[in-house]
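Contents: one structure, followed by commentary.
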Amino acid sequence: MILSKKDLPTSIKVNGIDYQIKTDFRTWIKYELMSQDDDIPDQFRLILIIRLLGNGQLLYEDPKSVLDALFSFYRLDQPIRKSRKQSTDKAYSFDVDMPWIYAAFQEQYHIDLLSVDLHWWEFKSLFDSLSGETMFGKIQSYRTADLSKMSKTMQEEMGNLKSYWSLNSIREEKDPHEIEAELLQKNAR
C-alpha cells in the first residue's frame, strides 16, 4: 500500500532482481510514445526503452521478462481489467494533446507540468482522473463517442466533433473553443 511519496517504487523486479529505473512522468510518457511508434523497428525498441529508463543491466535479462515488468510498472502494477465494450477510437496522444493535458492539470489540480517533479504513478493516477469538464476531457469524449446511441441530429453534430478531433485528421488552425462553440451552436438551432 502506498501512503507517501517514499513508498512509490523506484525499481522493477525481473527474475527476482530489482533494477532501479527512472520514474519521472516525462520518461514514462516517452516510454508510451516509443512503445506505440511503428517507425521504431522491433529489434531496437527494447534497447531504446532500456536506455531511456537508465539501467543498461536490463539488457542482460530475458527480453520478455523485462517487457512484462516494464508494462506492469507502466500500468501501476494494476491488473488488466476487461471492460464490457471499449471504443476502438484512441482517446488521447501525448504528442498531440500535451497542450490540453497541461491546461487540464493547471485547471483541475493547479499543477504546472513544466516545473513539477512527479513520479509516473502520481501523474498517471491524476491523468486518469481528469474531469470531463476540462477541454482535454471533452476532446477525449468526442473521440470515443458511440454515435450509434444518439439521435440522428446528435449523430451529425457529434460526428463532426469526432471527425475534427480525431487523431487521424488534419486540423484547420482555429481555436478549439471556437470550433466547439460553432458545432454545438448548430445543434441548438
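No hydrogens, no waters, no symmetry mates; every other heavy atom, side chains included, goes into these values.
Between Leu167 and Tyr92, the closest side-chain pair of non-hydrogen atoms is not below 4.5 Å. The side-chain heavy atoms of Asp112 and Gln106, taken from C-beta on, include a pair separated by under 4.5 Å. In this structure, Met150 and Glu157 have side chains that are not in contact, with every pair of non-hydrogen atoms separated by 4.5 Å or more. Asp18 is not listed as a side-chain neighbour of Ile12, based on a closest heavy-atom distance of 4.5 Å or more. Side-chain contact between His119 and Pro9: present, with at least one pair of heavy atoms (C-beta onward) separated by less than 4.5 Å. Leu8 has its side chain out of reach of Thr23: every pair of non-hydrogen atoms, C-beta onward, lies at least 4.5 Å apart.
Under a 3.5 Å cut-off, the side chain of Arg143 and the backbone N or O of Ser163 do not form any donor-acceptor pair. Judged by distance alone, the side chain of Gln108 and the main-chain N or O of Ser129 form a donor-acceptor pair under 3.5 Å. Side-chain atoms of Asp128 never come within 3.5 Å of backbone atoms of Ser125 as a donor-acceptor pair (strictly under, hydrogens ignored). Asp62 contributes a side-chain N or O that, together with a main-chain N or O of Ser65, makes up a donor-acceptor pair within less than 3.5 Å.
A salt bridge between Lys162 and Asp89 is present, with a side-chain N of the basic residue lying under 4.0 Å from a carboxylate O of the acidic one. Between Glu133 and Lys138, none of the side-chain N atoms (NZ, or NE/NH1/NH2) sits under 4.0 Å from a carboxylate O, so this pair counts as no salt bridge. Comment: Arg26 engages Asp24 in a salt bridge, judged by a side-chain N to carboxylate O separation of less than 4.0 angstrom.
Evaluation of the salt bridge (Lys or Arg N to Asp or Glu O under 4.0 Å) rule for Glu61 yields no partner, not counting sequence neighbours.
A distance below 6.0 Å separates the ring centres of Trp121 and Phe73. Ring centroid separation for the pair Tyr74 and Trp120 comes in under the 6.0 Å cut-off.
With rounding to the nearest 0.5 angstrom, the CG atom of Asn160 is 11.5 Å from the CD atom of Gln155. Ile17 contributes atom CD1, which lies 4.0 Å from atom OH of Tyr19 (distance to the nearest 0.5 angstrom). Between the CE atom in Met135 and the CD1 atom in Ile101 there is a gap of 13.0 Å [rounded to 0.5 Å]. Separation of atoms CG (Leu70) and CZ (Arg75) is listed at 11.5 Å; rounding is to 0.5 Å. Rounding to the nearest 0.5 Å places CD of Glu32 at 13.5 Å from OG1 of Thr27. For the atom pair CG (Asp77) and OG (Ser72), the distance works out to 3.5 Å, reported to the nearest 0.5 Å.
Cluster annotation: Leu67 is not connected to Tyr60 through the hydrophobic network of ILVMFWY side chains, with a link wherever side-chain heavy atoms come within less than 4.5 Å. Tracing side-chain contacts under 4.5 Å through hydrophobic residues (I, L, V, M, F, W, Y), one reaches Phe123 starting from Leu114; they form part of the same cluster.
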From CA spacing to verdict: side-chain contact (heavy atoms from CB on, under 4.5 Å), Thr10, Ile21 | CA-CA 6 Å; Thr10 59; Ile21 55 170; over 6 Å; no
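Here the shortest heavy-atom pairing between Ser131 and Thr134 reads O-OG1, 2.9 Å. Taking both residues in full, the closest heavy atoms of Leu130 and Phe136 are given as CD1-CD2, 3.8 Å, listed atom of the first, atom of the second, then distance. Nearest approach of Gln140 to Ala91, heavy atoms of both residues: CG-O, 3.3 Å. Here the closest heavy-atom approach between residue Phe94 and residue Leu33 is recorded as CB-CD2, 4.2 Å. When all heavy atoms of Tyr142 and Leu161 are compared, the closest pair comes out as CE2-CD1, 3.6 Å.
Looking at Gln36 and Lys90, their side chains do bring a donor and an acceptor atom within 3.5 Å of each other. Side-chain atoms of Ser148 and Asp146 include a donor-acceptor pair closer than 3.5 Å.
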Report all side-chain donor-acceptor pairs from residues 48-57 shorter than 3.5 Å, counting only partners two or more places apart or in another chain.
residue: Asn55; atom: OD1; partner: Gln57; partner atom: N; Å: 3.0
residue: Asn55; atom: ND2; partner: Gln20; partner atom: O; Å: 2.9

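Under the 30°/60° scheme for interplanar angles, the aromatic rings of Phe127 and Phe105 are found to lie parallel.
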